[in-house]
Asker: 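Sharing a structure, written as structure tokens. Questions coming.
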Amino acid sequence: MLHEITLNVNGELHIVPVKSHHTLLTVLREQLGITSPKRGCENGECGACTVLYDGKPVNSCMVLAVEAEGHVIETVESLAKNGELHPLQKSFIEHNAVQCGFCTPGMLMSAKGLLAENPHPTEEEIKHALAGNLCRCTGYVRIIDAIKDVADHS
Amino acid sequence: MTKQTTDPVGKSVPRIDAYDKVTGAVQYVDDLQFGPGLYYGKLVHSPHAHAIIKKVDVSKALAVPGVKAIVTGEDTPHRMGLYMQDRYIFARDRVRYYGEPVAGVVAISEEIAEQAAKLVEVEYEVLQPVFDPYEAAQPDAPLLHPDMAEYQWPPFIFPEPGTNISEHFKLRKGKVTDEGVDPEVWAQCAAIVEKTFRLPQIQHVPIEPHVAVARWDLSGEVTLWSPSQSPFAQRDLLAQGLGIPHGNVRVISPYVGGGFGGKAGISIEANVVVMAKAVKGHPVKVRMTREEEFFCTNVRQSLYAHTKIGCDKDGHVLAMETAYYFGGGGYNDYGVNIARAAGYSCTGPYSIPNVKGDSHSVYTNTPIGSAMRGFGMPEIHWGIEQIMDRLADEIGMDPAEFRRINCVKTGDTILTGMKMPAVDLVQCIDKVTEAINWGKEEPPSAPHKKRGKGIAIMWKAPAMPPNPGSSAIVRFNEDATVNVYVGAQDIGQGAFTVAAQMAAQVLGIPYEWVRVSVNPVDTKYSPYEWQTVASRITWSMGNAVRAAANHARTQILEIVAKYWDEDPADLDIKNGVVISYKSEREQPLKKMVVYGLPNENYEGWQGGPIIGSGKFMPTYVTNLDPDTGQGARAVVHYTVGAQAIDLEVDTETGEVEILKIASAYDVGKAINPDLVMTQIEGGAVHGMSSAFEGMFFDENGRLKNPSLVDYKIATAMDIPKEIHGDIVETPLEDGPWGARGVGEHVMVQTAPAIANAIYNATGVRFDDLPLSAEKIYRAIHAQEEQEQ
Ligand code: FES
Ligand code: FES
């Protein structure tokens, strides 16, 4: 069944017809053309699809699009403001925290969610916050360093 | 002002692709938009590991509204394969692993395709499967490929038709016969260790699952979009497999979301192309679910290894006999060449005077075994590195010292008869032992924990045909910025960044002036590259980029020399300006690299748009004798390295915590030292994770753990407390600036290094992978009981 809903994504309102069983991930990627949340498992197991949902990181593959109406959704596309990268993005570049890049959008959103709640996390807290975001390339080391660097300098 | 990095080779400049990756701008295949004409496909998988296909009935599925076409083995009459041409794109007469594609359904939506796929009716006659590679190699094993004799294979592969053995590589060095090493040699040994080791299949687990989109135009042009390490090899295979000209096949590969070998060669891509042929003019997209990714794409092969090594009382290794049986899966992709590589490198990084090695690739009723980071080396090092430790133990020598004495050194005649190119493995051993305070006993953090240290060393050569080529183009723009074109792929390792560094270095321009115009790699426009595999890109693509940049540089210097009436040999390019050391004149590259330079009084012009092209192909690799594996030059070179690990084992849970892992690799020359470090770190975690990974099959060959919950990979919570890396630089003769690759090596010996450290901590040894907390717990307690 189709529902017409209004989604608040990256500060813009989108009116979209969505199927009841379609996930937020599918609608973001395939109907709104917002492709930074990645499809890694569609089962809540990899974190590649992480977006902020009212400021908290969630796996967008585990949220039905219809449920997302009335919530504030943020993706990586919203991080840079006026052509200026977000400190987390800068830090990811400086620390070489990116390899293939497929986990990167999810990592950035988890990191943003963490720092919003806990601006000065310990290394353990960072690792904990990233536990649901898998990365097969980097060994996580630089990602943790990059987040810590931002936390230490804010 | 934006930063300008001159002479960037050897400097840790930022990745060229990082900005696009952190802003979400990078597009992977599934991000590309194909418009409303896009169809979706689903594969129908075999529910049996080994069966004869009696009948395929697609009528019910075809009747589902929205279904556009269904293809089966009927539509794919030609055999295809990277080395052995042993498979049909869709199974025809027989299925050989659980999950093998039997049919493909094309529909207007993924959901309809999925529903219809369930309605394809296939009648099977189930056959006896065989999963274990050693069993499968026995004469009475169920035969997977009775028609093997009809297959085609390249001359350096030695299959044994009538058996399941698709490759048998023989290595004979010193006092050996086919029976083994001369008993007199064994008699000189003060210690001999003989063991059997088993490793399960494991999966690459790229975070981006396989996906492919194909369109077959009415004109006969075929376009494939795939995240690929091998766009040109895929083009070649498709052209051959479908009987169409290479020029009609276009493979477009944007960024790859993790490869590790799993996106080399070909897996589902050919299936998707055949599905697209059935609905000409429409692009067709097939995406693997995570579950399909586990059982229907290529995996690392299993291994059964039986190895015997002996040394004299002073610790000199005298003899080795080893038999490797790789579980190749239902078909070969890279499989036969993995067994070959494991054969010609069967000793690991040791100089051993007497060697008998037999390395086999064996068909088994499991997913297709193929390339994975390290290509046979992690598998064989698991056993070798533990036996070396045991030998050192038996003769009472320090295991690091034992390795220093026996490891390969520059100029050694190695097992194939080749002279070892320049490397410094001893320095790698020194670095890692120093980094973890080797030899110093340190206390565990709690009474129920045991602390231990372990070491392992490795080697690996790029495993490939003798003549894989690379090419590159550099093109100047009006403002003297440069576009570099390569056909190599950036799979996360940083290939594009080093290509830009090398071009800038040769051209005398800042790194920031270079764009790498390879996203996507497109076989229609990109210069040829064999494949992004084997840790060969920095070396091979690098040489091509250097040649292309030199070609452009020579043109520029000749034009300016003529303009100034000087000798090109007196000129140089620095920071984007041609300078003369003789006359001290200066000529900026800007404009002149496109518009040229005027003659005196503007009476005519010189030059024109500067384009440089370059290529590289090794020309010196020789054949090996089929009976002995001997030859002048088996491989292009080896990269070597060492890892040492300090860890704790919790005796109450069996959990292992790595306190520190130290790695050192001889990369010849680090073009970008920090990128080398990121490989070292990522590899250490990948290697650690791999020691605890395994694919488990039930008695019907069905994978029991096809999810990220049941097949765990390392998370941020699991990583070592400290990861240390050292870079050793012994230049490689034909490497660009001396560089050789390191992308795979970084995980080759991690599992045995962990095992050796666990032994040091607990006195317990493990012959089989994977490790698990439960297994370690049980082994520790079994040992305690024995001691009581
Ligand atoms: S795609 Fe959502 S968690 Fe993997
Ligand atoms: S950078 Fe490749 S998965 Fe994280």
Side-chain angles (χ1 to χ4, degrees), chain A residues 19 21 29-30 33-48 75-80 85-86 88-108 123-124 126-144, chain B residues 12 14-15 17-28 30-33 111 204-209 211 255-260 287 289-291 293 490-494 672 674-675 677-686 688-689 707-709 713-720 723:
Chain A
K19 288 190 183 158
H21 63 284
R29 291 180 54 81
E30 273 153 43
I34 297 173
T35 56
S36 75
K38 301 295 178 213
R39 176 185 164 278
C41 69
E42 292 194 296
N43 221 2
E45 297 165 5
C46 76
T75 71
V76 158
E77 282 84 350
S78 71
L79 285 184
L85 293 183
H86 186 278
L88 279 167
Q89 292 173 307
K90 281 190 198 158
S91 190
F92 268 53
I93 296 178
E94 275 160 24
H95 287 272
N96 269 333
V98 175
Q99 287 190 26
C100 82
F102 203 76
C103 69
T104 308
M107 290 287 181
L108 284 165
E123 196 168 313
E124 278 316 297
I126 295 173
K127 287 183 182 170
H128 222 272
L130 299 182
N133 291 82
L134 298 180
C135 174
R136 191 59 148 169
C137 302
T138 64
Y140 306 97
V141 184
R142 302 305 183 94
I143 298 174
I144 296 163
Chain B
S12 296
R15 293 180 68 105
D17 52 347
Y19 190 97
D20 285 345
K21 285 179 173 172
V22 300
T23 52
V26 156
Q27 289 195 312
Y28 302 87
D30 197 32
D31 301 336
L32 303 174
Q33 304 291 326
E111 283 139 351
H204 310 77
V205 197
I207 307 304
E208 174 198 41
V211 50
Y255 279 107
V256 176
F260 313 108
R287 316 190 275 196
T289 62
R290 182 53 68 178
E291 187 181 357
E293 180 74 19
D490 200 313
I491 55 175
Q493 84 284 44
N672 185 321
D674 203 50
L675 287 191
M677 288 305 299
T678 60
Q679 286 303 302
I680 285 179
E681 292 162 8
V685 173
H686 194 182
M688 175 200 81
S689 186
S707 79
L708 295 167
V709 168
I713 67 168
T715 73
M717 308 280 288
D718 305 320
I719 66 173
I723 301 180

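The sequence lines fix the lettering, A, B, ..., with proteins before strands; numbering per chain opens at 1.
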Asker: For the residue pair B:R15 and A:I93, establish whether any side-chain heavy-atom pair is separated by less than 4.5 Å.
Answerer: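 No. Closest side-chain heavy atoms not under 4.5 Å.
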Asker: Would you mind checking which part of A:E30 comes under 4.5 Å of any heavy atom in chain B, side chain (CB onward), backbone (N, CA, C, O), both or neither?
Answerer: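 The answer is the side chain of A:E30.
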Asker: At a heavy-atom distance under 4.5 Å, which candidate from B:D30, B:V685, B:D20 has the highest pair count against chain A?
Answerer: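 Max contact count across the listed options: B:D30.
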Asker: Tell me every residue that passes ring pair (Phe, Tyr, Trp, His ring centres under 6.0 Å) with B:F260, counting only those two or more places apart in sequence or in another chain.
Answerer: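 Applying ring pair (Phe, Tyr, Trp, His ring centres under 6.0 Å) to B:F260 gives B:H686.
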Asker: Could you walk me through whether B:K21 and A:Q89 pass the side chain to side chain contact (heavy atoms under 4.5 Å, CB included) test, one step at a time?
Answerer: CA-CA 9 Å; B:K21 285 179 173 172; A:Q89 292 173 307; over 6 Å; no
Asker: Is the shortest heavy-atom distance from the side chain of B:I719 to the side chain of A:K127 under 4.5 Å?
Answerer: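 Side chain of B:I719 against side chain of A:K127, heavy atoms only: contact under 4.5 Å found.
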Asker: Does the side chain of B:S707 come within less than 4.5 Å of A:E45's, by heavy atoms?
Answerer: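 A side-chain contact under 4.5 Å exists here.
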Asker: Please classify the contact between A:E42 and chain B as side chain, backbone, both or neither, with a heavy-atom cut-off of under 4.5 Å.
Answerer: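 Neither the backbone nor the side chain of A:E42 comes within 4.5 Å of chain B.
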Asker: On a heavy-atom basis, which atom in A:F102 and which in B:Y28 lie closest, and how many Å separate them?
Answerer: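 Taking A:F102 first and B:Y28 second, the nearest heavy atoms are N-OH, 3.4 Å.
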Asker: Can you tell me which portion of B:V26 sits under 4.5 Å from chain A's heavy atoms? Options are side chain, backbone, both or neither.
Answerer: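 Just its backbone gets close to chain A.
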Asker: In terms of heavy-atom proximity below 4.5 Å to chain A, should B:V256 be classed as side chain, backbone, both, or neither?
Answerer: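 Backbone only.
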Asker: Under 4.5 Å between any side-chain heavy atoms of B:V22 and A:L88, yes or no?
Answerer: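 In short, these two side chains do not touch, never coming nearer than 4.5 Å.
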Asker: Sequence neighbours left out, what passes salt bridge (charged side-chain N to carboxylate O under 4.0 Å, His left out) with B:D31? Give chain and number order.
Answerer: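 Partners of B:D31 under the salt bridge (charged side-chain N to carboxylate O under 4.0 Å, His left out) test: A:R29, A:K38.
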Asker: Looking only at atom types and distance, does a side-chain atom of A:Y140 sit under 3.5 Å from a main-chain N or O of B:A714, one as donor and one as acceptor?
Answerer: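 Yes; at least one donor-acceptor contact below 3.5 Å.
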Asker: I need the residue from A:C41, A:A97, A:G132 with the largest number of non-hydrogen atom pairs under 4.5 Å to chain B.
Answerer: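 Looking at each option in turn, the highest pair count goes to A:C41.
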Asker: Could you check whether any side-chain heavy atom of A:L85 comes within less than 4.5 Å of a side-chain heavy atom of B:Y19, counting everything from C-beta outward?
Answerer: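 The answer is yes, as the side chains (C-beta and beyond) meet within the 4.5 Å cut-off.
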Asker: Would you say the side chain of A:L134 lies within less than 4.5 Å of the side chain of B:T715, judging by non-hydrogen atoms?
Answerer: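 They are in side-chain contact.
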Asker: Tell me whether A:R136 contacts the main-chain N or O of B:H204 through its side chain, where contact means a donor paired with an acceptor under 3.5 Å.
Answerer: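 The answer is yes, because a donor-acceptor pair under 3.5 Å joins these two groups.
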Asker: Looking at B:Q27, B:Q679, B:R290, which one has more heavy-atom pairs under 4.5 Å with chain A than the rest?
Answerer: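 The option with the most such pairs is B:R290.
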Asker: So which of B:E111, B:Q33, B:R287 has the largest heavy-atom pair count under 4.5 angstrom toward chain A?
Answerer: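 That would be B:R287.
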Asker: Of the options A:T138, A:V141, A:V98, A:N96, which is the one that meets B:T678 in a side-chain contact (heavy atoms from CB on, under 4.5 Å)?
Answerer: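 Only one option passes, and that is A:N96.
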Asker: Shortest non-hydrogen contact from A:G40 to B:P209?
Answerer: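 Smallest heavy-atom distance, with atoms named: O-CG, 3.6 Å.
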Asker: Identify which part of B:M677 has an atom lying under 4.5 Å from any heavy atom of chain A, answering side chain, backbone, both or neither.
Answerer: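 For B:M677, the contact with chain A is made by backbone and side chain together.
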Asker: Checking heavy atoms, do the side chain of B:D718, its backbone, both or neither come under 4.5 Å from chain A?
Answerer: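 When you check distances to chain A, no heavy atom of B:D718 falls under 4.5 Å.
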Asker: Restricting to non-hydrogen atoms, name the atom on A:A48 and the atom on B:I207 that form the minimum distance, rounded to 0.1 Å.
Answerer: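 Result for this residue pair: CB-CG2, 4.0 Å.
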Asker: Any side-chain heavy atom of B:Q493 sitting closer than 4.5 Å to one from A:Q99?
Answerer: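 B:Q493 vs A:Q99: side chains apart.
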Asker: Output the option from B:G24, B:A716, B:G682 having the highest count of non-hydrogen pairs under 4.5 Å with chain A.
Answerer: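 The option with the most such pairs is B:A716.
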